[in-house]
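Along the sequence shown, residues carry numbers from 1. Read the numbers this way: they start at 1 and go in the same order the structure lists the ligands and their atoms.
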Amino acid sequence: MPSSRLVLDASLALEGQIGVHGLSAGDFTSLEEAAESAHRKLWELRGSGALGFWSLPDDAAIRDPALELGEELARRFENVVVLGIGGSSLGAKAVISALGDRFGDLLPRSRRSGARVFFPDNSDPATFTALLERLDLGSTCFLVITKSGSTAETLSQLLVVRERLGSSKLIQQTVAITDPEEGPLRRIVREEGWRSLPIPPSVGGRFSVLTAAGLVPIAAAGVDARSLCKGAAEMRERCEAPSLRKNPAYLLGGIHRLFDRRGRNIHVLFPYADALRDVGDWFVQLWAESLGKSETVGPTPLRAVGATDQHSLLQLLAQGPQDKLVSFIGVEEPATDLEIPRAWTEHEAFAYLGGKTLGRLLDAERQGTAAALAEGGRPSVTIRLPRVDARSVGELLFLWEAATAFAGFLYGVDPFNQPGVEASKQLTQALLGRPGSEAHAKRLAARPSPDPAFVLD
Ligand SMILES: O=P(O)(O)OC[C@H]1O[C@](O)(CO)[C@@H](O)[C@@H]1O
């Protein structure tokens with residue numbers, strides 16, 4: 001009987017199931033004190049209003065204008081292009097590729113449920129040029145999404161679009177989603193009277209999928225954003241339990257921390273559904289930017305997709321160094337299943353497949369892979385979704401967000417900042433001659449020049 005909600009099954013992380021590499025009751029006891037303190041910190045932050053993402057699932061003041069705008073864009077425009085990167089792009093991209101019509105672009109407009117939404121994301125000129133050349137710009141809306149309002153990749157793309165559209169069309173065909181008060185984009189919005197929606201200051205970019213940053217493109221794509229929020233709200237309720245053993249986010253975050261202490265600091269998200277492929281990219285940013293900020297502790301996230309990566313990464317997971325923890329995601333009921341016809345039944349390799357379904361094969365591959373890893377003493381956890389629908393995806397995203405915040409306190413780092421990305425931004429700006437970056441230019445000039453013995457031409 002399929003469950004009606006997300007299930008977290010951590011059995012294959014336990015000593016009783018996988019032997020000495022698994023966790024014992026004593027491991028959980030050792031974690032309890034740190035978990036209590038992490039719980040207190042989260043609730044203090046929540047109480048002070050600084051844990052912005054926690055209230056998003058049912059914050060109508062944020063959700064409703066975003067959905068109205070997204071639905072309007074779906075009616076008015078053929079295409080929506082998101083100019084945004086990192087947390088200002090990955091959440092919406094993950095949700096739309098999970099829940100939108102994957103081959104909807106092939107359908108005529110009348111048969112599509114929303115606009116076609118594009119995420120050029122990177123500032124690679126080849127991608128951006130190709131996209132702009134192929135789009136009918138007259139029926140395209142540009143969503144400029146940047147929390148800080150100052151990200152070079154996003155602002156450069158905006159400048160290109162401004163030139164292509166001309167400033168009068170720009171104002172009609174562009175919406176800004178940014179900090180309500182601060183930042184260069186907000187200043188343009190004020191000076192030129194653009195349409196805009198805010199990203200609340202208390203919500204970091206990588207936790208912003210349920211703000212306008214995610215909800216506008218999601219609704220523009222015709223995806224059921226209300227059910228997404230509902231699923232997230234249901235998961236949030238489960239993530240409010242104070243006890244490690246009752247709270248799925250605490251259990252998930254806690255297990256990752258425990259294994260990290262034993263040297264398992266490579267954390268692999270392994271969904272068995274193509275629809276969840278981009279959730280992997282979203283997870284990588286969330287986990288890396290939130291938890292990777294100490295020289296002595298911190299995980300390396302990795303993404304995989306089943307069954308594809310059984311023919312790629314699995315060898316390493318099964319017999320490589322014992323430094324990995326896998327989180328499988330299984331789907332109990334595929335959106336569409338396909339029966340495998342019976343033929344060549346005299347050959348065993350064909351005979352046992354005929355009459356099964358591709359969905360059953362995929363799920364058996366997930367179970368078989370988890371069991372094979374367990375046999376080799378390699379731990380995993382499994383997140384089972386009843387199906388890939390808006391509610392389950394909402395549950396899944398909120399689960400990882402809450403687990404990330406909790407894990408941050410267990411790791412002893414601030415999960416909500418990313419100071420390590422600043423140096424690269426400063427030196428890039430210095431290379432491009434941004435006024436005010438003279439000191440950074442000096443830093444660059446002081447760097448040793450390349451060693452000719454190691455530059456092969
Ligand atoms: O939304 P913004 O301010 O453009 O930032 C985009 C991304 O850049 C980062 O700051 C990293 O450089 C991420 O944390 C963020 O999601």
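- For Y272, the side chain to side chain donor-acceptor pair (under 3.5 Å) test picks out Q310, T369, with sequence neighbours left out.
- What sits closest to atom 10 (O) of ligand 1 on the protein, heavy atoms only, is K425 NZ, 3.5 Å.
- The nearest protein atom to atom 6 (C) of ligand 1, hydrogens excluded, is given as I85 O, 3.3 Å; this is a heavy-atom distance.
- Partners of A130 under the side-chain contact (heavy atoms from CB on, under 4.5 Å) rule, at least two apart in sequence or in another chain, are R134.
- Side-chain contact between L23 and F259 is present, with at least one heavy-atom pair separated by less than 4.5 Å.
- In this structure, a donor-acceptor pair under 3.5 Å is absent between the side chains of T382 and D9.
- E240 and W43 share no donor-acceptor pair across their side chains, judged by distance under 3.5 Å alone.
- Within the 4.0 Å heavy-atom criterion, both parts of T146, backbone and side chain, lie near ligand 1.
- Looking at ligand 1, you'll find an N or O of G87 within less than 3.5 Å of one of its N or O atoms.
- For atom 1 (O) of ligand 1, the nearest protein heavy atom (residue, atom name, distance) is S88 OG, 2.6 Å.
- Between I177, T151, T178, it is T151 that holds the heavy atom closest to atom 4 (O) of ligand 1.
- Applying the 4.0 Å criterion to heavy atoms of E289 picks out, from ligand 1, the atoms 9 (C), 11 (C), 13 (C), 14 (O).
- When non-hydrogen atoms are compared, ligand 1 lies under 4.0 Å from the backbone of K147 as well as from its side chain.
- With Y411 as the aromatic partner, R257 meets the cation-pi criteria of under 6.0 angstrom to the ring centre and within 45 degrees of the ring axis.
- Protein heavy atom in closest approach to atom 3 (O) of ligand 1: S148 OG, 2.6 Å.
- Side-chain contact annotation: R206 with S290, donor-acceptor N/O pair under 3.5 Å present.
- In terms of N/O distances under 3.5 Å, ligand 1 is not approached by T154.
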